[in-house]
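We name chains A, B, ... by the order of the sequence lines, and we start the count at 1 in each one.
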Amino acid sequence: MLFFRMPFTYIEDLAQHEGETITLKGWLYNKRSSKNIHFIIVRDGTGLCQCVVHQDEVDEASWDVAEEIAQEGALAVTGTVKKDERQVGGYELQATGVELISASEDYPITPKEHGVEFLMDRRHLWLRSRRQWAAMRLRNRIIMAIHEFYQSRGFIQMDAPVLTGNAVEGTTTLFDIDYFGEPAFLTQSGQLYAEAMAMAHGKVYTFGPTFRAEKSKTRRHLTEFWMIEPEMAFYDLEMNMDLAEDFIVDVVQTVLDECEEELEVLERDLEPLQRVQKPFPRISYSDAVELLRSDETAEMMDAREASLHEEEEALKQERKDNQKEYGQAKKWRKRQIDAREIEINQRLNEIEEELRNLPQWKESARTFEWGNDFGGSDETILTWHFDRPIIVHRYPAAVKAFYMKRDPEDDKLALGMDVLAPEGYGEIVGGGQRADDLGFLKDQIEKHDLPEEAFEWYLDLRRFGTVPHSGFGLGLERTVAWLGGLEHVRETIPFPRLLGRLSP
RNA sequence: UCCUCGGUAGCUCAAUGGUAGAGCAUGCGGCUGUUAACCGCAGGGUUGUAGGUUCGAGUCCUACCCGGGGAGCCA
């Protein structure tokens, strides 16, 4: 088996080998054929490359391999690297030899459209597809950007435990497990531990998996997701917001600078990302409530409704025109019309759904009462007023966790802050300044019906040199979805865990 | 748990209550550079399940199962 010993080249390095004869190892992504020529698109994990196989330029065995290999068959192709602007990646390989490494038959994911359930059942194979490849590389780059940001600012990365004996906030549903006969939970946040670690190191961040047993079926929820939680001693709410802002701007800039290809594959509109610059609008909860209830918001909603109706009419007209044309159309045109019809129908369904929702959204915004927490629609509407992420701060204490510090200027308010991403991606950051007074915390634990014994170690942090401190959590998958312009967080993690989905 | 939309060929989708179709995938044939290649032919169906209405049900009704999106909750 000669090919196991042959040195090989990665597709992403082809630019350095122009004119040379090299070997690629990978899988068949797609193939186009004529009588005496095969165009073989090879995928090797670093990119795609078209290999041109002429019958009279390769030996018979190579020709047979090119002729017979099916989608996702593994192969080695040797040939000369040639620059060709028309190709994906800009290079193609003039093949001199093709060798089969292993065959593949009836690969289920064809280069056409598939439904979500079908793809999710085959997530282990779906990861090979181009969009998923781009999404995972984007995730990787974002993770590295996050580490670079904190490391360059002197933060220490420390891990919070995944198994815990008590619920952090007492509000969310946790996964419970049996820990040698003791009840235990999978962590829903590393924050309390991060506070302890910040008192040891000053500035720390955790980066790990988080679990929520909530039965949320939306494009923004997973039951297992990754969260980055910086926690800083001697930081107040303002410093916390400054950090979150710097952090997000930095990550977005890195992605824009270094993920050009990934964003292109994902067909991400770059303009909204380029607008992510300091400063982010900072709006207090109370001002946000006023904005929600304002005439300005009502008018904006009306305008949106009108434009949706317009789009709906235009699409229906296009569908009608296409149907008229269909009878006399040539075959290729008929196909085009069929494909477009599916697109039109999907978009019409979306519009229909949004039009169904809008009146409720409008009503919810118009009649929003101070003291309630924002719903998903309220957050979305707020972000429509701005062209970049916004920070909402100083929420009613009643809707926030027990460990939030109160606003010294208004005891009804907690010094919490959320960062809301634009384009409907919602809350990507939640955090705030932590309560640092022992008596107040004890009081809160009691009022929230939490077991004080479980929090004794946490209260120790207030007994031995308590200081003002702050932190926040950033949802990795929501961030990847936002930056990649992805519909759903399930495409931002290799093997998503959702309600009713535990495999593959 | 609730609201809402859906389940038809391997996949994506069509089908005013009246003979279940198309594209892709697969197989065979054709084509000297293709870009989701193209052209021709072929095979492929218990319309999610169980009942009901009807001369007749993919289509209407009831219950259940599965999935999408949303509410609550949150990152």
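For B/U34, its base sits under 3.5 Å from the side chain of A/Q50 at one donor and acceptor pair at least. With hydrogens and angles left out, the side chain of A/S216 and the base of B/G70 share no donor-acceptor pair within 3.5 Å. Between the side chain of A/H114 and the base of B/C11, no donor-acceptor pair under 3.5 Å is found. Side-chain atoms of A/E92 stay outside donor-acceptor range of the base of B/U35, with no qualifying N/O pair under 3.5 Å. Side-chain atoms of A/R478 and base atoms of B/C74 include a donor and an acceptor less than 3.5 Å apart. No donor-acceptor contact under 3.5 Å links the side chain of A/E354 to the base of B/G70.
Rounding to whole angstrom units, CG of residue A/L499 and P of B/U1 are separated by 10 Å. For the pair A/K35 NZ and B/A37 P, the interatomic distance rounds to 22 Å; values are reported in whole Å. Atom NZ of A/K31 and atom C1' of B/U35 are 16 Å apart (whole Å). Between the CG atom of A/N36 and the P atom of B/G30 there is a distance of 11 Å, rounded to whole Å. Between the P atom of B/A71 and the CZ atom of A/F374 lies a distance of 15 Å, rounded to the nearest Å. Rounded to an integer number of Å, the gap from CH2 of A/W226 to C1' of B/A75 is 15 Å.
The minimum heavy-atom distance between A/G431 and A/N240, with the atom names listed, is C-ND2, 4.4 Å. Taking all atoms of both residues into account, the shortest heavy-atom contact from A/L138 to A/L483 is CD2-C, 4.3 Å.
Aromatic pair A/Y150/A/F247: centroids less than 6.0 angstrom apart. Within the 6.0 Å centre-distance limit, the rings of A/W63 and A/H38 are counted as a close aromatic pair.
Listed pair A/H488 / B/G69 meets the phosphate criterion, a side-chain N or O lying under 4.0 Å from OP1 or OP2. Contact check, A/R219 against B/G70: a side-chain N or O comes under 4.0 Å of OP1 or OP2. Between A/R131 and the phosphate of B/A36, there is no side-chain N or O to OP1/OP2 separation shorter than 4.0 Å. Proximity of A/N30 to the phosphate of B/A37: a side-chain N or O atom is located under 4.0 Å from OP1 or OP2. Checking the phosphate oxygens (OP1, OP2) of B/G72, no side-chain nitrogen or oxygen of A/K215 falls inside 4.0 Å.
With B/U35, B/A75, B/C74 as the candidates, the nucleotide lying closest to the side chain of A/R32 is B/U35. Closest approach to the A/T218 side chain among B/A71, B/G33, B/G67 is made by B/A71 (side chain taken as heavy atoms from C-beta onward).
Using a 4.0 Å heavy-atom criterion, one finds that A/I37 contacts the bases of the nucleic acid, with or without backbone contacts as well. If you check every strand for non-hydrogen atoms under 4.0 Å, A/T479 touches nothing. Within 4.0 Å of A/R501, counting heavy atoms only, lies no atom of the nucleic acid at all.
For A/E245, the salt bridge (Lys or Arg N to Asp or Glu O under 4.0 Å) partners at least two apart in sequence or on another chain are A/R282.
B/G44 and B/C5 are spaced 30 Å apart, taking the C1' atom of each and rounding to whole Å. Comparing the same atom, P, in B/G7 and in B/U12 gives a spacing of 12 Å after rounding to whole Å.
Stacking of the aromatic ring of A/F225 onto the base of B/A75 is found: the ring centres lie under 5.5 Å apart and the planes are inclined by under 30°.
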Starting from the C-alpha separation in whole Å, work towards a yes-or-no answer on salt bridge (Lys or Arg N to Asp or Glu O under 4.0 Å) for A/R212 and A/E224. CA-CA 7 Å; A/R212 307 266 166 98; A/E224 175 184 309; over 6 Å; no
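A/K82 has no carboxylate O lying under 4.0 Å from a charged side-chain N of A/E18, or vice versa, which leaves the two without a salt bridge.
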Starting at the 5' end of RNA chain B, write a dot or bracket for each base, bracketing those in Watson-Crick or G-U wobble pairs whose two distances are under 3.5 Å and using | for partners on another strand. (((((((..((((....[..)))).(((((.......))))).....(((((..]....))))))))))))....
